[in-house]
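In what follows, a single structure is set out as structure tokens and then discussed.
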Amino acid sequence: MIRTRFAPSPTGYLHIGGVRTALFNWLLARQSGGQFILRIDDTDADRNVEAALQPILNGFRWLGMDWDEGPEVGGPHEPYFQSQRGELYRDAIAKLLASGHAYHDFAKPDELQTLRDAARDSGAAFVYDRRWMAEDDAMSEKYKAEGREGVVRLKMPREGQCVINDLIRGEVVVEWASEQDHVIARGDGSPLYHLASVVDDHTLAITHVVRAAEHLPNTPRQIFIAQSLGYALPEYAHLPYVAEPGGTAKLSKRKLDKYLKNRDFAVLMQRGQQIAANCGLTTNDDTFNPVLVDFYREIGFLPDALLNYLMLLGWSLDGEHEKFTRDEMIKLFTLARVTKSPASFDPAKLMSFQADAFAALSNEDRTARVLPFAIGAGWTDPANPESQQRLADVVAAAGDRLKMAGDIIDYDYCFVDDYEINAKAYEKRITKSAGAIELLGKVRDRLAACTDFSAAALETTVNDFCQTEGIGLGDIIHALRVATTGAAGGFGMFETLAILGQQRTVARIDKTLS
RNA sequence: GGUCCCUUCGUCUAGCGGUCUAGGACACUGCCCUUUCACGGCGGCAACACGGGUUCGAGUCCCGUAGGGAUCACCA
């Protein structure tokens, strides 16, 4: 029975890299009929855990990654918040102290820092000489009398090696002597991450600890804690981290400005901003960031497309197949095929997955996904069937030009009259196009006289018009498009006019002419 | 600086000693389709970090060098 976990601290957002880690954990649990547990690592006493947690849970819900145990769903090992599991940690700390695997230490932070600096200057690894270690209670009292505050440190081995059997990296060997006597409890007795994490992984019966490679250096000390407590070790698998676009450094929420220099990343961001601005999205500046999952949900991405792309960041099936349904993802994933080197986040490739997945949806599905955006933009009235039909018509006509739900903003001219006019196109097809004005006037009269304004009838009408004028379709259609939509491109001209309707079409041509 | 990890096209990757004149995908690009845009079809550009070994034979195994990265908290 495989039990995996994802243990976020409540930060208020879900990082793309974090999701990739969570995905692999989730996949592992789902494919084996095991459990995926969400545990909240809030030992750092966040004042507003609830508010900072919701965006994370929302992210999981949106992505369709359900958790078998954790916040809101509970489970047999409740509670799932580290802040509420203090007793477990206190017991473990006491046990470690009693067995001599940990000790009270009374060094002051600056004293320690001096030692660390000295070690670094001399080029050697820092190893604390335990000079402020309290051998017994009497010594503790003496230090306390001096006004010192005690923490609990691990009494790490000073010889031998720690061998980590990593499911992805194989054997990783570290000299125990290069490890620190890490602090596991603060001066006030509250537990720190390593201790809490190990105790929880054990008490929650986690079988596979699958996490980002940045945790690899943490593993020896965690193994030490686990072994000292008599726990059986879980399997470890350290994933390569997700790197920044076009780079090799870890992807970080805070480096947005830097990533914006990457063309593809900037394109994605700009698109998001346009959609947000047009559709009245109330975006949070702090989380409206392509490094975070929120961003994709807000601008109308498909969760499966995001997941499919993310799955390929550090994993491959065979180098040939890349598109997977959710069921296939669950069935095909294996830790054995996870790569060792960092995978850089490529917004352009993500986009292509999204575009494909969106194009594969039925018109109905796409319309449903676009609806909130059209409503937000004030283009569609959900209470008005006619208005909804118009949206459905636009979505159907746009076809695969719509790559994500928010792309509906490109067809503003189908809904309102104050659309933007592409100046370049206007100049090329109307101002500087010989005879364009005259032809537009003529075709305007033809269109005004139409009794059937369906796309098919319009095609006949305009073709007929071209014949009498002795011109090609291309000689009029561009001017017509710019005159009626202000755009240089778009879906079929006749579908466009049909959607616009006779009145609007003629009025827009008149406006252009004047 | 210490420790650990990593290294195939711009990017994600396939490759587990010979089938590699290195395959696929995204991006870029040429042509075709086409009223535009998008899609699609057919092409193109483009990589084994370097140096030593081992071997009849190395992208694939070993060692070294270089480069990149992660991590060194009373954060998680």
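First the proteins, then the strands, lettered A, B, ... as listed; each starts at 1.
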Quick one: label A/R337 by what it contacts on the DNA or RNA (base, sugar-phosphate, nothing), any heavy atom closer than 4.0 Å. sugar-phosphate
Closest nucleotide among B/C72, B/A38, B/A70 to the A/K250 side chain: B/A70
A/L292 side, atom CG; A/D286 side, atom CG - distance, nearest 0.5 Å: 7.5 Å
Considering only the C1' atoms, how many Å lie between B/A46 and B/C28, rounded to the nearest integer? 10 Å
Mutual orientation of the aromatic rings belonging to A/F24 and A/F333 [parallel < 30°, tilted 30-60°, perpendicular > 60°]: tilted
B/G24 and B/A14, which share atom name C1', separated by this distance in whole Å: 7 Å
If you only use heavy atoms from C-beta on, which nucleotide in B/U13, B/C26, B/A76 is closest to the side chain of A/A343? B/U13
If you measure from the P atom in B/A70 to the same atom in B/U29, how many Å do you get, rounded? 32 Å
Distance in angstrom units between A/E495 CD and B/U34 P, rounded: 16 Å
May I ask you to verify whether the side chain of A/K349 and the base of B/A25 hold a donor-acceptor pair under 3.5 Å? yes
B/U71 pairs with, by Watson-Crick or G-U criteria that keep both distances under 3.5 Å: B/G2
For the side chain of A/K403, counting heavy atoms from C-beta on, which of B/C12, B/U35, B/A38 is nearest? B/A38
Got a list of protein N/O to nucleotides 58-66 of chain B N/O distances below 3.5 Å?
none

Whole-Å gap separating C1' (B/C74) and CZ (A/R148): 15 Å
Decide if the gap between the ring center of A/F6 and the ring center of A/F60 is smaller than 6.0 angstrom. yes
Given that both distances must come in under 3.5 Å, which nucleotide forms a Watson-Crick or G-U wobble pair with B/A14? none
How would you label the contact of A/G314 with the nucleic acid (heavy atoms, under 4.0 Å): base, sugar-phosphate, or nothing? sugar-phosphate
Considering only B/C74, B/A70, B/U36, which nucleotide approaches the side chain of A/R401 most closely? B/U36
Enumerate the residue pairs fulfilling salt bridge (charged side-chain N to carboxylate O under 4.0 Å, His left out) with a member in residues 158-173 of chain A, sequence neighbours excluded, ordered by first and then second residue. A/R158-A/D181
Looking at the base of B/G23, is there any donor atom on it, or on the side chain of A/E320, that sits under 3.5 Å from an acceptor on the other one? no
Select base, sugar-phosphate, or nothing to describe what A/H215 touches, counting heavy atoms under 4.0 Å on all strands. base
How far does the C1' atom of B/A58 sit from the matching atom of B/C45, given to the nearest Å? 27 Å
Tell me which nucleotide, if any, is Watson-Crick or G-U wobble paired with B/C9 when both distances must be under 3.5 Å. none
Paired with B/G64 by Watson-Crick or G-U wobble geometry, both distances under 3.5 Å: which nucleotide is it? B/C50
In whole angstroms, the gap separating P of B/A70 from CZ of A/R211 amounts to 18 Å
Output one line per pair: protein atom, nucleotide atom from nucleotides 2-6 of chain B, and distance, for all N/O pairs under 3.5 Å.
unit_1: B/C5; atom_1: O2'; unit_2: A/R169; atom_2: NH1; d: 2.7

Counting only Watson-Crick pairs (N1-N3 plus N6-O4 or O6-N4) and G-U wobbles (N1-O2, O6-N3), all under 3.5 Å, who is the partner of B/U34? none
Using the P atom on both, measure B/C63 against B/C6 and round to a whole Å. 12 Å
So if I take every side-chain heavy atom of A/R263 and compare against B/A38, B/U13, B/C28, which nucleotide ends up nearest? B/C28
Given B/U35, B/A27, B/A76, the nucleotide with the shortest approach to the side chain of A/S352: B/A27
Nearest-angstrom distance from the residue atom CG of A/N262 to P of B/G10: 15 Å
B/A73 and B/U3: how far apart are their P atoms, nearest whole angstrom? 16 Å
Counterpart base for B/U19, defined by Watson-Crick or G-U wobble contacts under 3.5 Å: none
Whole-Å distance between B/U13 P and A/K323 NZ? 16 Å
OP1 or OP2 of B/A14 versus the side-chain N and O atoms of A/S316: is any pair under 4.0 Å? yes
Using Watson-Crick geometry (N1-N3 plus N6-O4 or O6-N4) or G-U wobble (N1-O2, O6-N3), each under 3.5 Å, B/C28 is paired with B/G44
Can you check the distance between B/U65 and B/C26, where both ends of the measurement are the C1' atom (answer in whole Å)? 34 Å
Run the ring pair (Phe, Tyr, Trp, His ring centres under 6.0 Å) check on A/F491 and A/Y411 step by step: do they pass? CA-CA 9 Å; A/F491 49 82; A/Y411 304 100; 5.3 Å; yes
Are more than 12 heavy atoms, taken from residues, nucleotides or ligands other than A/K428, located less than 6.0 Å from that residue's NZ atom? no
Given the C1' atoms of B/U55 and B/C61, what is the spacing between them in whole Å? 10 Å
A/R186, nearest nucleotide to its side chain (from B/A14, B/C74, B/C72): B/C74
Separation of B/C74 P from A/Y193 OH (nearest whole Å): 15 Å
Which is true for A/E322 with a 4.0 Å heavy-atom rule: it touches a base, it touches only sugar-phosphate, or it touches nothing? base
Sugar-phosphate only, base, or nothing, as touched by A/S190 at under 4.0 Å among non-hydrogen atoms: nothing
Find the distance A/E459:CD to B/U35:P and express it as a whole number of Å. 9 Å
Between B/U71, B/A76, B/U35, which one does the side chain of A/T43 approach most closely? B/A76
